[in-house]
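These notes concern the structure reproduced below.
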Amino acid sequence: RSFFHITDVLQVLSGTRLAALDPDDLLETGHFGEQVDFVADELLDRFPDECAPFRGVFGCDMRTDFKGSLIRASLRTVERAEKCTFMPHAFDLDRAQRIFREFEETLRNGEVL
């Protein structure tokens with residue numbers, strides 16, 4: 001199983017770095033992802049909407065070094081699914097909840113993924 005079953009662009013925040021893993025180059029960076037120093041680049045001031053999902057989670061303020069790691073996997077929309085080369089299916093909330101229940105059950109049973 002992979003995060004890419006549900007998302008096209010996986011974001012990982014750790015320390016002062018925000019990385020976006022982007023196999024289909026939807027962000028049009030010319031490669032399969034990018035990494036920025038969100039503190040030095042003042043990402044919160046420049047792109048507040050991009051920072052919003054991380055702000056306030058376990059004390060993350062997007063202005064200082066975050067002591068931990070956060071992973072964001074936004075659900076694949078119908079529009080994005082049409083452009084996706086590896087999983088051309090939308091991932092709605094009902095499907096996400098079902099998958100997460102299955103994942104929780106797998107962990108509860110002590111199964112290795």
Side-chain angles (χ1 to χ4, degrees):
R1 296 186 184 188
S2 166
F3 278 109
F4 291 109
H5 282 100
I6 63 173
T7 190
D8 300 313
V9 179
L10 183 69
Q11 295 176 301
V12 181
L13 182 145
S14 189
T16 63
R17 311 300 272 172
L18 177 60
L21 307 174
D22 181 14
D24 272 340
D25 195 25
L26 295 172
L27 302 175
E28 299 179 352
T29 61
H31 40 84
F32 301 114
E34 66 179 316
Q35 179 176 237
V36 297
D37 184 323
F38 63 85
V39 174
D41 293 344
E42 299 179 337
L43 208 63
L44 180 59
D45 294 332
R46 295 175 46 224
F47 303 103
D49 290 344
E50 283 296 315
C51 297
F54 298 101
R55 291 191 68 209
V57 178
F58 299 116
C60 180
D61 63 10
M62 296 299 294
R63 292 198 185 280
T64 58
D65 183 23
F66 179 68
K67 305 296 186 215
S69 298
L70 299 174
I71 298 173
R72 179 174 184 243
S74 56
L75 300 180
R76 180 179 299 108
T77 63
V78 172
E79 177 183 280
R80 285 270 177 101
E82 293 171 356
K83 299 175 184 176
C84 185
T85 62
F86 53 88
M87 182 63 74
H89 305 288
F91 204 92
D92 62 20
L93 184 58
D94 290 335
R95 186 172 176 208
Q97 289 173 332
R98 182 176 41 92
I99 293 292
F100 286 119
R101 280 192 302 272
E102 290 172 7
F103 179 68
E104 182 179 45
E105 185 65 26
T106 299
L107 292 176
R108 192 179 358 255
N109 292 334
E111 298 174 29
V112 177
L113 300 176

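Any value given below was found using the heavy atoms of this structure, including those in side chains, with hydrogens, waters and symmetry copies removed. None of the values given here were measured: they were computed from a predicted structure. Count residues from 1 along the sequence.
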Could you state the interatomic distance from [atom1] ([X]) to [atom2] ([Y]), rounded to the nearest 0.5 Å?
X     : Y     : atom1 : atom2 : answer
Glu34 : Leu21 : CD    : CG    : 10.5 Å
Phe91 : Thr77 : CZ    : OG1   : 13.0 Å
Arg80 : Leu75 : CZ    : CG    : 12.0 Å
Leu44 : Asp49 : CG    : CG    : 10.5 Å
Gln35 : Leu13 : CD    : CG    : 10.5 Å
Lys67 : Cys60 : NZ    : SG    : 12.0 Å

Does [X] belong to the same Ile/Leu/Val/Met/Phe/Trp/Tyr cluster as [Y], with side-chain heavy atoms less than 4.5 Å apart forming each link?
X     : Y     : value
Phe47 : Val9  : no
Phe66 : Leu18 : yes
Val57 : Ile71 : no
Val12 : Phe38 : no
Met62 : Phe58 : yes

Task: Student check: side-chain heavy atoms of Asp37 and Arg17 closer than 4.5 Å - done: yes

TODO: Taking the side chain as every heavy atom from C-beta outward, state whether Phe100 and Ile6 have any atom pair closer than 4.5 Å.
DONE: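 The answer is yes; the side chains approach within 4.5 Å.
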
Open item on the list: Around atom CZ of Phe86, are there more than 12 heavy atoms from other residues, nucleotides or ligands closer than 6.0 Å?
Closed with: yes

If you compare all heavy atoms of [X] against all heavy atoms of [Y], which two are closest, and at what distance to 0.1 Å?
X     : Y     : answer
Ala73 : Leu10 : CB-CD1, 3.9 Å
Ala90 : Ala81 : N-CB, 3.5 Å
Val39 : Thr16 : CG2-CG2, 3.8 Å

Would you find a donor on one side and an acceptor on the other, under 3.5 Å apart, between the side chain of [X] and the backbone of [Y]?
X     : Y     : answer
Asp25 : Thr29 : yes
Arg55 : Pro48 : no
Thr7  : Ser74 : yes

TODO: Give the intermediate values and the outcome of side-chain contact (heavy atoms from CB on, under 4.5 Å) for residues Arg72 and Phe54.
DONE: CA-CA 8 Å; Arg72 179 174 184 243; Phe54 298 101; 3.8 Å; yes

TODO: Decide, yes or no, whether a salt bridge links Glu105 with Arg101 under the criterion of side-chain N to carboxylate O below 4.0 Å.
DONE: no

- [ ] For the pair Asp45 and Arg63, evaluate side-chain contact (heavy atoms from CB on, under 4.5 Å) and give the outcome as yes or no after the intermediate values.
- [x] CA-CA 9 Å; Asp45 294 332; Arg63 292 198 185 280; 3.0 Å; yes

Open item on the list: Could you go through Arg46 and Asp41, starting from their C-alpha distance and side-chain angles, then the distance that decides it, and tell me whether this counts as side-chain contact (heavy atoms from CB on, under 4.5 Å)?
Closed with: CA-CA 8 Å; Arg46 295 175 46 224; Asp41 293 344; 3.8 Å; yes

